[in-house]
*Asks:* 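Dropping the structure in here first, questions after.
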Amino acid sequence: MTSVVWFRRDLRVEDNPALAAGVRSGKVIAVYVWAPEEEGHYYPGRVSRWWLKQSLSLLDSSLQNLGTSLITKRSTDSVLSLLDVVKSTGATHLFFNHLYDPFSLVRDHRAKEILTENGIVVRSFNADLLYEPWEVLDDEGQPFVTFSSFWDRCLRMPYDPQPPQLPPKRIISGDLSRCPSDTIIFENDSERGSNALLARAWSPGWSNANKALTTFINGPLLDYSTNRRKADSATTSFLSPHLHFGEVSVRKVFHQVRTKQILWANEGNTAGEESVNLFLKSIGLREYSRYMSFNHPYSHERPLLGHLKFFPWIVDENYFKAWRQGRTGYPLVDAGMRELWATGWLHDRIRVVVSSFFVKVLQLPWRWGMKYFWDTLLDADLESDALGWQYISGTLPDSREFDRIDNPQIEGYSFDPNGEYVRRWLPELARLPTEWIHHPWDAPEYVLQAAGIELGSNYPLPIVTINAAKSRLQEALTHMWQHEANTRAVLENGTEEGLGDSLEDTLIAFPQDMQMELDQETVRNRTTTPIRHYEDQMVPSLTSSLLRVEEDEDESSSDDRNLAHDNSRAEVPTDAMNRELLREPIQRELGQDFGAQSILPQFNMQIALRNSEDSPAESSSATTSRRERDGGVVPVWSPANSSNSESFVGEDNSYLQRHPQLNWRQLSQTG
DNA sequence: GCGGCTTTACG
DNA sequence: GTAAAGCCG
């Protein structure tokens, strides 16, 4: 028997449950499908593609050593390409590992549906997380809504994460003769030169990931606790790109780090113990990003909390440009942005500094910043990216307070006390004494002259002073509360006028220069296969486990639930991903006519389609319907259903109502 | 060792 | 903003 093993972001042969399943059951066809257009705006950036290219090539050599090779396919429809591979190789099974970003949730469900319809046995596995999102629930069976409660539970689960598995000793290859690889172009000519530098600093690939893990555990891990807040990042693990592409299993990381911790604990090495706790917390945040994405599949484009819905974001492309170029006049921010541009890397601490500056001082819409991180980071990761920006923007229950502005000058002396980081990335400030390095605008003229600095000329004055930013933020909040109150009054009067003029951040388009990049790529890579009509792809299923009685009343028989439970450890319960949508908005709005009210479709893939093609308006008449399938009830939704953020995060929304104790309310009330 | 003040952390 | 930790007399 032959199985297709579909590699995605699990580019390793070790501790890879899908590959192991394939090897166990007979002959293996290993395949990677490159179909970036399926991810809409989130076409991978230059450095991310560079990494992927190297990683795939190393995976291929490992597979060749074991007895097969990696088939690569260029596609605009992963699922149909998989079906082709299955048919041309005579495979009967498909195995893959779970992903939790919104695009994958939808695509993978569709893969299961279509391949199953074609008589293929499809099995999927957990390879990316310590625990599946649907395993980690509070005492009421609800998902956690704060990180610390989530992570506490993860560390106290009644069963351990699965121990990592060894790589297979050999692989029996399926028949590849009728399934040739496509050549995939990961970089264009203009990118090749910049990419050449990356190889000096980074070594992608699963075996290199293992080396990086060992190096970290035997070196910087011990002092992680004391060093972790220094901008000069020689003390971080550098594992994030490896983890993003699944070159090393997070379970292996967890296992090895925990082992070290026990060792240190026995030696009475409390500093080492504490370091491990802190490092594991960052692993936990990665887990939590998947958890959030799974439970709230729109978190990459819509705030989880709706209290900033009427915030007047400053839609200013010049600000945005100054931030990207590292010309804001704040040395720590600028050094970070230059480092990011030059290397695709940024210490976590500095990510917080630059993104907080972006949101609080510049008051730019957070999705622009998130998109820029996506485009430029070597470890660009949609779920982590979204979690980070929502945390900074104050749209999570456990976010930073929105009305507090961090001061880059103070942060500078804390994270870069000697100014070495700033001097490395801002050569124009290299000769400035440490006393002034994080606030050159206060330096006496003779000091500046001696350092060869002319503010406003070879280094900018602050783009906005912190005091101005503080008062501007207060004004903006006042404006927001006013607008919110007006809207509420209008709603209570029963008229709908005045609803249209709020500038919701989800409606703010990406700036042109960012979009052009995407559009060019989309056009350039267009193959003969037409892009499918989008609605076809938007059908998540109810295969599963977490269906609760109150959600589905009479329509879900207890048989369905019991049946689903049997499988719950291995299969993604795609209903859970819709839990939010199902429980409140969809049920509430069933039967309502959204029609023109349903405003713009906000799901990125739709926007991308609309931008790049004359697709016929998505027929976004936003129907919510249920249909029978496989003896179970399958809710069908289209993105326009939930495009109205009112239905997801509005003040009458479930997420807020369930957490009345959370501090976001203070914001609204102080107004 | 204690109280009171300052600093730091806060996902 | 609050609470814990660190520091000092």
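All values derive from a computational prediction rather than experimental measurement. Excluded from the calculations below are hydrogen atoms, water molecules and symmetry mates; all remaining heavy atoms, backbone and side chain alike, are included. Chain identifiers are assigned alphabetically (A, B, ...) following the order of the sequence lines, protein sequences preceding nucleic acid strands; residue numbering begins at 1 within each chain.
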*Asks:* Could you check how far CD1 of Ile405(A) sits from C1' of dG1(C), rounded to whole Å?
*Replies:*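 Taking CD1 of Ile405(A) and C1' of dG1(C), I get 16 Å after rounding.
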*Asks:* Base, backbone or nothing for each nucleotide of nucleotides 5-11 of chain B, written B, S, -, heavy atoms under 4.0 angstrom, 5' to 3'?
*Replies:* ----SBB
*Asks:* As a test of understanding, state which of His242(A), Glu247(A), His244(A) forms a side chain to side chain donor-acceptor pair (under 3.5 Å) with Trp51(A).
*Replies:*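 That would be Glu247(A).
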*Asks:* Does this structure show an ion pair linking Asp385(A) with Arg367(A), if we count only N-O contacts that are shorter than 4.0 Å?
*Replies:*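 No, this pair does not count.
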*Asks:* Under a 4.0 Å N-O cut-off, is there an ion pair linking Asp101(A) with Arg8(A)?
*Replies:*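 No, Asp101(A) and Arg8(A) are not salt-bridged.
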*Asks:* Does this structure show an ion pair linking Arg153(A) with Asp139(A), if we count only N-O contacts that are shorter than 4.0 Å?
*Replies:*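 Salt bridge present between Arg153(A) and Asp139(A).
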*Asks:* Is there a donor in the side chain of Asp442(A) and an acceptor in the side chain of His439(A), or the other way round, less than 3.5 Å apart?
*Replies:*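 Yes, His439(A) and Asp442(A) have a side-chain donor paired with an acceptor closer than 3.5 Å.
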